[in-house]
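Order of the sequence lines fixes the chain letters, A, B, ..., with proteins taken first and strands second; residue numbering starts at 1 for each chain. Side-chain atoms are counted along with the backbone in the values below, which use heavy atoms only and exclude waters and symmetry mates.
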Amino acid sequence: MKFMLDMHDKMRPLFEKGGKLEKLWPLFDAHDTFVFTPADTTHEGSHLRDAIDLKRVMITVIFALGPAILFGIWNAGHQHNLNAEGATAGILSDMMQGAWIVLPIIFVSYAAGGVWEVLFATVRRHEINEGFLVTGMLFPLTLPPTIPLWQVAVGISFGVVIGKEVFGGTGMNVLNPALTARAFLFFAYPVQMSGDAVWTAVDGFVGATPLSIAAATVEGSSVVEALTSAGYSFSSMLMGAIPGSIGETSALMALLGAGILLMTGIGSGRIMASMVVGALVMGTTLKLFGSSAFSDLPPHYHLVMGGFAFGCVFMATDPVSAAATARGQLIYGFLIGVIAVIVRTINPAYPEGVMLAILFMNVMAPLIDHYVLQAHIKSRAANRGLANA
Amino acid sequence: MAKVKDILIDPVSKNNPITYQILGVCSALAVTSKVQTSFVMAVALTLVVTGSNLVISLMRKMIPSKIRMIVELSVISTLVILVDQVLKATAYDVSKQLSVFVGLIITNCIVMGRAEAFALQNPPKESVLDGIGNGLGYSAILLIVGTIREIFGSGTWAGLKVMPDAYANNGLMLLPPSAFLIIGMLIWAQRTWMTKVFEED
């Protein structure tokens, strides 16, 4: 380690202002801050002292994603073995097979997105940001395991450039870059992103996800029965050993991730809780007043179906694109839950309402914050007025 | 003659009606999924804006300023109806694809904007040049957007196959929001390349 640090420090002048490789400073800086503890500290009087910085935040999110990643890899292999060979293989064989399917997708996502990240950092001379470590991992987890690799590259490029760099990089983005990338693929290549044939990595195998079964249930019959006859129960959807996007199938793994995020204080519990409440409220409303077969679904089923749990824990809580004020976060989360269930239930063409709901509320988040702040200022002014009078 | 050149060239590049003045975006979103429709729309708008600039410039000393908008509108709508009828008679298929958007040239801000901002104050010759210039600026953007959307969305250019068979069509490019993205990126590119021009203004 000492040797590496010496090498590193010896190369520093090359990259500093006036050095030969001055243009590549962001690359050097990234290596410096990712691998070592940089020597420089805040230059002027700092008002807030905390051991945590953006890098620690992002690494914690990656740790929280761990269960979902591992489970996703296992599940991709499990579904493959189950449907290609007709029997369950051992856990080791499932993991190997899953790694074969999933790791290339993750690798392409990091490589293609990383190229754009470095390019913009070099041209604009800002730092290469750790935020991309999370974006590049979240994105593959929202994709079906059969996704062609070039689409992964196109998708993440769109997410990084249009979702983030256009607005000036991490911290300035209005939308969640990983979801922007997914939405782009969803609308650009619907054949590879939706339908019943993409969720299991076996050629020609067609297996409907719980959401598409629920959306296809005809009027007069029961959704729960339709799900049961297809082999889905509440607990199997909670566990997540079912076909679906790589990291999204298991609500339980998302819950584990939520535990880590909440314990470390990284993720906003307000957003997660209010999003769940929003979905339950809307689910109940639809059950009471809705007329289609899908709307008759018990509200708590919404929480384990599709990408709800994953989106709730990892996507909606993205600190940059979510609302920032405490009350704003409650409103923001609640409305995501409500809209996600509405889109899912009322519009069968878009089974994955969570993605659209989060993106929509991303756009609204600054507005919510604005009104929450204005209301706060007004109430303070009113209180003062009363006290003075 | 430098002035004449400026009137003609400026709206195509730095003072482009779509990417700089951000006018006429609605039709640029709606009709640009194919090159053919983009082209016809571009020609139609260029004709209307040139014609309306000419007529309004000729009448500019007679129009009472209080009712000038109404006068302008009637000139523009007359021209639009003319263009629409000619299209229906000669190229019925294209006119069907363009549906209401030829008729909506009446409300296109570029036409009204040029009449208000230029034709009312300038003699006919300059006004015609201004009309042609702005028409060309609009056309240029429409054709660029149409080209990108058709090539990536359908794998063809003006109906000719240009992409290999293995190319998977990008469905987003056929949806109107993609034109927003492309126009946005054009604005980004223009501002990056012409930073000096915009900062001097």
Proximity breakdown for A:Val191 and chain B, heavy-atom pairs closer than 4.5 Å: neither

Counting only non-hydrogen atoms closer than 4.5 Å, can you tell me which residues of residues 173-185 of chain B sit against chain A? B:Leu175, B:Leu181, B:Met185

Crowded around A:Phe360 CZ? As in, over 12 foreign heavy atoms under 6.0 Å? no

All side-chain contact (heavy atoms from CB on, under 4.5 Å) counterparts of A:Trp100, not counting sequence neighbours: A:Gln97

Take a 6.0 Å sphere around CZ of B:Phe152 and say whether it holds more than 12 heavy atoms from other residues, nucleotides or ligands. no

Does atom CZ of A:Phe187 have more than 12 heavy-atom neighbours, drawn from other residues, nucleotides or ligands, at distances under 6.0 Å? yes

Residues that A:Trp150 engages under ring pair (Phe, Tyr, Trp, His ring centres under 6.0 Å), provided they are two or more places apart: A:Tyr189

With sequence neighbours excluded, tell me which residues meet ring pair (Phe, Tyr, Trp, His ring centres under 6.0 Å) with A:Phe158. A:Phe184

